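Single-structure report; data block below.
Just so it is clear, the model here is predicted, and its values are computed rather than measured.
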Amino acid sequence: MGFAEKMVAKAIKENGEGDADSVLETLLTYAAIGKSPQEQPNNDSDHCSSGHEGSFLDDFSDVDSADDEVITKTVSDEDSKLAFLRRMGYKEADASIAITRCGTEATISELADFICAAQIAKAEDAFFAEDEKKPKHLDKQKKRSFLESEVLEKKRQKGLENGDDEGVRLPNPMVGFGVPTEPGIVTRRTLSEAAIGPPFFYYENVALAPKGVWQTISRFLYDVEPEFVDSKHFCAAARKRGYVHNLPIHNRFPLLPLPPNTIHEALPLTRKWWPAWDERTKLNCLQTCIASAKLTEKIRKALEAYEGEPPLHVQKFIMDECRKWNLVWVGRNKVAPLEADEVEMLLGFPRNHTRGGGISRTDRYKSLGNSFQVSFIALIA
């Protein structure tokens, strides 16, 4: 390796023949001491260079000059390592930071590894920063591709809103294989041999599920075709649901007595206060929460500000909120959310079905909003 014989003998004598790393370290130190920094060529070429200006270790230095650590080695030892790292081609600033971070007791190989690791990390950060800037400098062709992808994404979202589920399309009207109000609409279906019951199975989910969900559900349940039903066709509230089951679809009969089919049939006391400009006859899907008292008070004040019918923009605001929260008229210029027992009745449960057992009013709404429509389950079962 070019070391003088006397120097090698001295290093072996100091460290012993069995410790090759210590011998090499001592030889390198002797070589560095033997050549002063003034005699060394000023080589600033980057080892593991990434082509970026400045020190690669700036981001790794977290040492405050006011908080100097206790020096455990002599100054000459630190200077010798600094000089040797410069001879290896590293910048003096990089080498100095490496010695500060790793300590003066660190070996030359450890210091070199630290510097290379810092340079690689700095280069990767610069690479990713350049990638992030690229979209700002797209050429015309790339800009066109970018715009086309945006258009396709909008079309995909539009198809999702319309119920396009990769081959599974929601029927209109959504009456499945037949409901009590539409007994003539019956569709034949074919079940695989493995899906024919008994035993029978039944799976329910929201009809407007994300794209691909219904295909996945059907695939895991013997490729049975989903039955999509909106409960507004046989009760006073809408509830769009999909059902994957192997239950018979012929000779169905409803649960008697038939549930109320309109808001006024289900809630007759609301008829007295119902304004002519509120043309709703069905409620929207029953939710897991209700409107706040602050909102109903805001609607009351908006109505009381006018004599007779409010202007169209006020009507629109009120109708949007009433449809969103299923608000019903309970007094003059006064709307209110459905009570929990009213939700139970609309879903086909007995009144007070969810009352008792320490359950709160909020939890009653939550459990009912996540429940199913009893009338339809009774129909298909």
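Checking side-chain atoms of Asn370 against main-chain N and O of Thr288 turns up no donor-acceptor pair under 3.5 Å. Between the Asn284 side chain and the Arg323 main chain, a donor and an acceptor come within less than 3.5 Å of each other. When atom types are taken as modelled, the side chain of Glu344 and the backbone of Asn352 share a donor-acceptor pair closer than 3.5 angstrom. Within the 3.5 Å criterion, the main-chain N or O of Val224 finds a donor-acceptor partner in the side chain of Ser218. Under a 3.5 Å cut-off, the side chain of Ser367 and the backbone N or O of Arg364 do form a donor-acceptor pair.
Hydrophobic clustering (side-chain heavy atoms under 4.5 Å, transitive across Ile, Leu, Val, Met, Phe, Trp, Tyr) groups Val328 together with Trp277. Hydrophobic clustering, with ILVMFWY side chains joined whenever heavy atoms are under 4.5 angstrom apart, groups Trp274 together with Tyr306.
Side chains of Ser231 and Arg239: a donor-acceptor N/O pair is absent below 3.5 angstrom, by distance only.
At most 12 non-hydrogen atoms from other residues, nucleotides or ligands lie less than 6.0 angstrom from CZ of Phe372.
Using bins of under 30°, 30° to 60° and over 60° for the plane-to-plane angle, the ring pair Phe201/Tyr222 lands in the tilted bin. Using cut-offs of 30° and 60° on the angle between ring planes, the pair Trp214 and Tyr203 is perpendicular.
Sequence neighbours left out, the pairs with a member in residues 246-257 that pass salt bridge (Lys or Arg N to Asp or Glu O under 4.0 Å) are Glu227-Arg252. Listed by first and then second residue, the side-chain hydrogen bond (donor to acceptor under 3.5 Å, both in side chains) pairs involving residues 329-340 are Asp278-Trp329 (not counting sequence neighbours). Listed by first and then second residue, the side-chain hydrogen bond (donor to acceptor under 3.5 Å, both in side chains) pairs involving residues 257-272 are Asn261-Lys282 (not counting sequence neighbours).
Annotation: the span from Glu92 atom CD to Leu82 atom CG amounts to 5.0 Å, rounded to 0.5 Å. With rounding to the nearest 0.5 Å, the separation of CD in Glu321 from CD1 in Ile318 is 9.5 Å. Taking CZ of Phe177 as the reference point, atom OH of Tyr243 lies at 12.5 Å (rounded to 0.5 Å).
Shown here for Ile290 and Pro337, the closest heavy-atom pair between the two residues is CB-CB, 3.9 Å. The two residues Ala195 and Asn246 have their closest heavy-atom pair at O-ND2, 2.8 Å.
Of the charged side-chain nitrogens involved, at least one lies within less than 4.0 Å of a carboxylate oxygen, so that Lys316 and Asp320 count as a salt-bridged pair.
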For this session: Mind running salt bridge (charged side-chain N to carboxylate O under 4.0 Å, His left out) on Glu204 and Arg241 for me, showing each step along the way?
Result: CA-CA 7 Å; Glu204 175 185 349; Arg241 292 292 185 269; 3.5 Å; yes
